[in-house]
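Input: a single structure, listed below in structure tokens.
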Amino acid sequence: MGKHRPEETHNPRPIDAEETVAILDFGSQYSQLIARRVRECGVFCRLFRHDATVEELRSISPVGLILSGGPSSVYALGAPRLPVHIPEWDVPVLGICYGMQLLAQQLGGQVLASDRREYGPAELIVCGPPDALFAGLPERLKVWMSHGDRVQTLPSGFRHIASTQSAPFAACADTQRRIYGLQFHPEVVQTPLGGEILRNFLYRICGCHGTWRPEAFVARAVAEIRSQVGDRHAICALSGGVDSMVAATLVQRAIGDRLTCVFVDHGLLRLDEARRCLALFETLGLSVVPIDASVRFLQALRGVVDPEEKRRIIGREFVRVFEAEARRMEDAAAPEGGPRFPFLVQGTLYPDVIESNAADTQAAARIKTHHNVGGLPDDMKLKLVEPLRYLFKDEVRRIGMELGLPDEAVFRQPFPGPGLAVRLIGEVTQERLDVLRAADAIVTGEVAAAGLSKEVWQYFAVLTPVRSVGVMGDDRSYANVVAVRAVVSTDGMTADWARLPADLLERISSRIVNEVPGVNRVVYDITSKPPSTIEWE
Ligand code: XMP
């Protein structure tokens, strides 16, 4: 089940963003990365689809425009085009890769297919009179190339400002009109000084001041929520994750006890998690209605082994439980001339907004149906309060700290909505859940005790459906295999397996086989994402 379909028009002027840069997304896998890099420079930005209208772009009064790369060729039939006529657009423009080729094409230059695709590192040589884009940078720098076409002739008014061996126009500029193009990708880590190039564009060319500070966001978010909710009530499904906790805390600051939170225990939580979450909510001063629906979920999952089927059932049951609770609270409330809870608070983040917009046009393969606790069907008819819908996860964590949330809340590892059901391969039964919980508690406890909990993005146990032969004492055993998964990542979109110290792995393995009945073998998952995913199902 996906999240609520976000309406891009719902909050056109984001909180705390006097200066906003618009990024036009032409389908590059790096578009979100450009947005992250711009935010890291202290400048707020919004990502728009390449077919955004001029009015949409103008609605945020951008101080600069960045055109992303993309997989197409500017001459291909149906290739995405620029939605605006650049010379009439009076803000600085930076085209990256496909974005630079589009600029060249629209302004009268020539783009041709290269003999072969250029992919990988290259040495950039900055040339000509010094330009603001490369101010303060060395004359030679490492950059990352990934392109099949290249600019053959520059449009009039442009000059090349840097080249590589195979791309004479690796960077170009029309300084008069403040239009810039880069054939390489400044946003990827393989261009080590790429962040500086973007910073130069933002500060020296667009004239930004760096007003985007998540810390300053809190007061404005609270004011905005107050004006949206007025004197009405709001309801929030808390999952125990950092996003819903930060969203709820912000709303609670704004409307106090007119926020009611619901915490559904679907019986698929980690060891002692429900109790710990409730204790945490209490320290946050949130008013929470706990619901133990574990029996219901376990019954609904009986006999189900297919991962997608599990996800669908959990999503459906969650909605039913939440709706029933919302109705019950409605009925219990004295009517005040309308629904008691017209607002639903969600911890939707910017990547969710971007991805669900992209999903409208892109036939991307569906890898997993993500069930997000708090994601509810459109016919709920509740108005959404989504204070985090323009933020990335690291920004949410900073806001969590600003709100005074404890580390335990702010740095919680992400936990999937369907919980242990997708870490337990095969049928979900109480007995198997108990085995997994016990093994998982050892993994999480040991990694935390080793002081690695902030470094490692996620670490957990998986109960495989495999049994293997072992020897315990003088006896043969034939028991479960537990896999340990630990990954490093910045956003969960890609991940690498964590190089946990061997002695830590040994401790985990020996404790699991000694302390968890029914397990005689522990394996360590050494695959990255891609090609694997973080969760096993
Ligand atoms: P995968 O397994 O797709 O996971 O590599 C990427 C990140 O998403 C989390 N995850 C989920 N989060 N609902 C969620 O809210 C889900 O259904 C879900 N499935 C996976 C996963 O833990 C990882 O952080």
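As the structure lists them, so they are numbered: ligands from 1, and atoms in each ligand from 1.
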Distance-only donor-acceptor check, side chains S28 and S68, under 3.5 Å: no

Using distance alone, decide if ligand 1 has a nitrogen or oxygen within less than 3.5 Å of any nitrogen or oxygen in E535. yes

Salt bridge R397-D394, side-chain N to carboxylate O under 4.0 Å: no

Do V482 and R521 come within less than 4.5 Å of each other through their side chains, counting heavy atoms only? no

Would you indicate whether K393, at its atom NZ, is surrounded by more than 12 heavy atoms from other residues, nucleotides or ligands within a distance under 6.0 Å? yes

Check ligand 1 against G492 and write out every atom of the ligand that is under 4.0 Å from a heavy-atom position of the residue. 6 (C)

Those atoms of ligand 1 less than 4.0 Å from some heavy atom in K529: 1 (P), 3 (O), 5 (O), 6 (C)

With heavy atoms of G417 as the reference, note each atom of ligand 1 found under 4.0 Å away. 13 (N), 14 (C), 15 (O), 16 (C)

Between R485 and D525, is there a salt bridge with N-O shorter than 4.0 Å? yes

Could you check if a side-chain atom of V428 sits within less than 4.5 angstrom of a side-chain atom of K310, using non-hydrogen atoms only? yes

Under 3.5 Å, is there a donor-acceptor pair between the W144 and E187 side chains? no

Atoms of ligand 1, numbered as shown, that sit under 4.0 Å from any heavy atom of P414: 24 (O)

List ligand 1 atoms under 4.0 Å from T533, heavy atoms only on the residue side. 1 (P), 2 (O), 5 (O)

Does Q413 come within less than 4.0 angstrom of ligand 1, counting non-hydrogen atoms of the residue? no

Should you measure from each heavy atom of P416, which atoms of ligand 1 turn up under 4.0 Å away? 10 (N), 11 (C), 12 (N), 14 (C), 18 (C), 19 (N), 20 (C), 22 (O)

Any idea which atoms of ligand 1 are less than 4.0 Å away from a heavy-atom of P418? 16 (C), 17 (O)

